[in-house]
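Predicted model, so just to flag it, every value in this text is computed and none were measured.
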Amino acid sequence: MASLPCLNCYLPFLVACLGICWQVHGGGGGGGTARREVTIPSLLPSDACSSYKDGVSHNETSLRVVHRHGPCSPFDLRHRLSHKQILDQDRSRVDSLHRRVSTAAKPDQQLLDAPAASSIPARNGISLGTGNYVVTVGFGTPKREQTVIFDTGSDVTWIQCQPCVVTCYQQQDPIFDPSKSSTYLNISCSSAYCADVGASACSSSTCVYGVQYGDNSYTVGFYAEDTLCLTPYDVIPNFRFGCGERNEGLFGKAAGLIGLGRDKPSFVSQTYQSSGFRFTPMLSRASLPTFYYLTLTAISVGDQQLMVPPTVFSIAGTIIDSGTVITRLPPTAYSALRSAFRQEMTAYKSAPTLSILDTCYDLSGLDKVTVPSVALHLGGGATIDLEITGILYIASLSQACLAFAANRADTDLGIIGNVQQRGLAVVYDVSKHVIGFGPAGC
Ligand SMILES: *[C@@H]1O[C@H](CO)[C@@H](O)[C@H](O)[C@H]1NC(C)=O
Ligand SMILES: *[C@@H]1O[C@H](CO)[C@@H](O)[C@H](O)[C@H]1NC(C)=O
């Protein structure tokens, strides 16, 4: 079964294209190639930013996502992080996600000082340490381009706004000035939308929002609405977002963040119209309404399904997260994957470990490398054959590592990270409760 978009149905979803392409097929067995030979130059990241091929229907809401440290990044590449820094930050994000899951039963409200010296409740978010995909969108009329972090792990979209009464961090785009937008409106405290962001503070009857992330980064300001321009033909009037006048933390030089979680304030919940294709059921947990859960049932290496009981994956469940870099597996599943992978890679010289990655090879001096295929089997019969970039994390030719890591215990939440989603159109169909994976066409 190929991933055919259903052009005649109008379902709420969002398509995110993260680079090269994955192949997706439903059910059935094998049929794939057990090993793949790739040339060494094709493993290296391109330093050219290829132009965006718009492969999706305009009835879908889609965003072009580029890597913060990649060739298409609008940010200055001199500030790019090393692979070790990226992976170390990824560890902090996953620790923070795990903490959030283990404390989900407790109330997640925290107090922050408001700009106007009153106290406002803020929603606890998660570490943005590796919120490393960004999108450029236009806010207001006339539209002002703002490059924002793309995060499926939180819900509230916000940008820094003038006047930065207390603090704004440095950003690359000029800071948005709401007084210069003819379509900007403050949301009143009595609006139901104000309740959706969990804010209870008011400033002259304007709703004050606040979000604090797990790494103590935060944003506080007025909850507002204005026109959001994704592409010239994809414009969302009255899009609700935070106009942050007090912002501090690890947001890089981004102008803010676009929240693609599942709760009410999120971009996804606000942009319900489109058509789509579906593959695996989207599950949820009432205590953690933000996360997109799916069912990982098995993993194959070189067409051989690993002998891991499916219950290993179901103990804590699995989420798909755009802000986590490396996929995290229950240790039982990871060690089976690692042994099978190592057996297929005995021809290559091993290399030192890299942060959370413990299975690395030295490929320097080679023209070609043959890597076993790796596939993820999901609930509903969907199988995802990973692209080579989802199997090997190439820090350098002398350090190419298996792009998976183990959680501390089988009881920790599993996470499908963005390295494994690269090249894939990921469809979050909120109305049908399915997550689809398709060739990205970008
Ligand atoms: C978008 O939807 C309209 C109906 O609302 C339809 O007429 C049009 O062909 C669709 N466009 C695409 C590109 O699918
Ligand atoms: C929004 O509310 C703030 C605080 O009350 C106020 O300073 C600002 O002028 C308002 N903006 C608009 C466009 O109403």
Side-chain angles (χ1 to χ4, degrees), residues 18-25 30-46 67 70 83 86-87 90 296-306 308 313 318 320-322 324-330 333-351 353-364 366-378 382-407 414-424 426 437 439-440:
L18 299 178
I20 316 136
C21 288
W22 278 18
Q23 284 172 7
V24 181
H25 54 80
T33 42
R35 293 169 72 81
R36 213 172 329 173
E37 190 183 72
V38 288
T39 62
I40 290 290
S42 72
L43 287 176
L44 295 173
S46 149
H67 200 276
H83 288 286
I86 290 171
L87 295 171
D90 199 42
L296 178 60
T297 55
I299 299 175
S300 298
V301 174
D303 274 358
Q304 285 286 55
Q305 195 162 312
L306 302 176
V308 178
F313 298 105
T318 308
I320 178 163
D321 181 30
S322 71
T324 297
V325 179
I326 298 290
T327 290
R328 299 305 202 284
L329 297 172
Y334 178 74
S335 53
L337 168 65
R338 181 177 60 186
S339 343
F341 186 80
R342 284 180 176 171
Q343 262 173 32
E344 300 273 341
M345 295 289 286
T346 47
Y348 303 101
K349 198 163 81 183
S350 62
T353 61
L354 176 64
S355 180
I356 52 175
L357 306 179
D358 67 5
T359 297
C360 301
Y361 298 91
D362 181 353
L363 305 179
S364 51
L366 302 175
D367 298 329
K368 284 183 178 162
V369 56
T370 303
V371 177
S373 61
V374 176
L376 304 180
H377 304 277
L378 305 177
T383 292
I384 303 168
D385 289 321
L386 298 183
E387 265 302 313
I388 190 80
T389 49
I391 301 172
L392 277 184
Y393 185 96
I394 314 280
S396 69
L397 282 185
S398 58
Q399 205 177 22
C401 307
L402 174 62
F404 285 82
N407 276 329
I415 304 169
I416 298 194
N418 66 43
V419 160
Q420 280 69 28
Q421 295 173 58
R422 230 178 244 172
L424 184 68
V426 183
F437 300 92

- Does the pair V374 and F404 meet the rule for a side-chain contact (heavy atoms from CB on, under 4.5 Å), with working shown? CA-CA 11 Å; V374 176; F404 285 82; 4.3 Å; yes
- Can you check side-chain contact (heavy atoms from CB on, under 4.5 Å) on V38 and L392, steps first, answer last? CA-CA 12 Å; V38 288; L392 277 184; over 6 Å; no
- Item | Derivation of the side-chain contact (heavy atoms from CB on, under 4.5 Å) call for Y334 and I299 | CA-CA 10 Å; Y334 178 74; I299 299 175; over 6 Å; no
- Query: Would Y348 and R342 satisfy side-chain contact (heavy atoms from CB on, under 4.5 Å), going step by step from the backbone distance to the final call?
  - Reply: CA-CA 9 Å; Y348 303 101; R342 284 180 176 171; over 6 Å; no
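The two residues P372 and G302 come nearest to each other via the heavy atoms CB-N, 4.2 Å. Between A336 and V308, the shortest heavy-atom contact is CB-CG2, 3.7 Å. Of all the heavy atoms in C360 and L357, the pair that sits closest is SG-O, 3.9 Å. The shortest non-hydrogen separation linking G390 to A403 is O-CB, 3.9 Å. When every heavy atom of V371 is checked against every heavy atom of M345, the shortest pair comes out as CA-SD, 4.3 Å. Contact detail for E387 and R36: the closest heavy-atom pair is CA-NH1, 4.2 Å.
The CD1 atom of I416 sits 5.5 Å away from atom CG of L296, with the distance rounded to the nearest 0.5 Å. Interatomic distance, CG of L397 versus CG of L366, reported as 8.5 Å (0.5 Å rounding). Atom OG of S300 and atom CG of L306 lie 6.5 Å apart (nearest 0.5 Å). Rounded to the nearest 0.5 angstrom, C401 SG and L354 CG are separated by 5.0 Å. Interatomic distance, CG of L363 versus OG of S396, reported as 9.0 Å (0.5 Å rounding). Between atom CG of residue N407 and atom CD1 of residue I415 there is a gap of 6.5 Å, rounded to the nearest 0.5 Å.
At a threshold of 4.5 Å between non-hydrogen side-chain atoms, the residues D90 and T324 count as touching.
Scored by the side-chain hydrogen bond (donor to acceptor under 3.5 Å, both in side chains) test, Q399 finds no partners at all (sequence neighbours excluded). Judged as a side-chain hydrogen bond (donor to acceptor under 3.5 Å, both in side chains), and not counting sequence neighbours, T297 has no contacts. Every side-chain hydrogen bond (donor to acceptor under 3.5 Å, both in side chains) that T327 has, sequence neighbours left out, goes to Q420. Checked against side-chain hydrogen bond (donor to acceptor under 3.5 Å, both in side chains), S339 has no partners two or more places apart in sequence or in another chain. Residues passing the ring-ring contact (aromatic ring centres under 6.0 Å, His included) test with H83, sequence neighbours excluded: Y393. Not counting sequence neighbours, F313 has no partner by the ring-ring contact (aromatic ring centres under 6.0 Å, His included) test.
Under 4.0 Å is where a charged nitrogen must lie from a carboxylate oxygen, and between R328 and D321 no such pair does.
A donor-acceptor contact shorter than 3.5 Å is absent between the side chain of Q304 and the backbone of A34. A donor-acceptor pair under 3.5 Å is absent between the side-chain atoms of R338 and the main chain of L402, judged by distance alone. Between the D385 side chain and the A375 main chain, no donor and acceptor come within less than 3.5 Å of each other.
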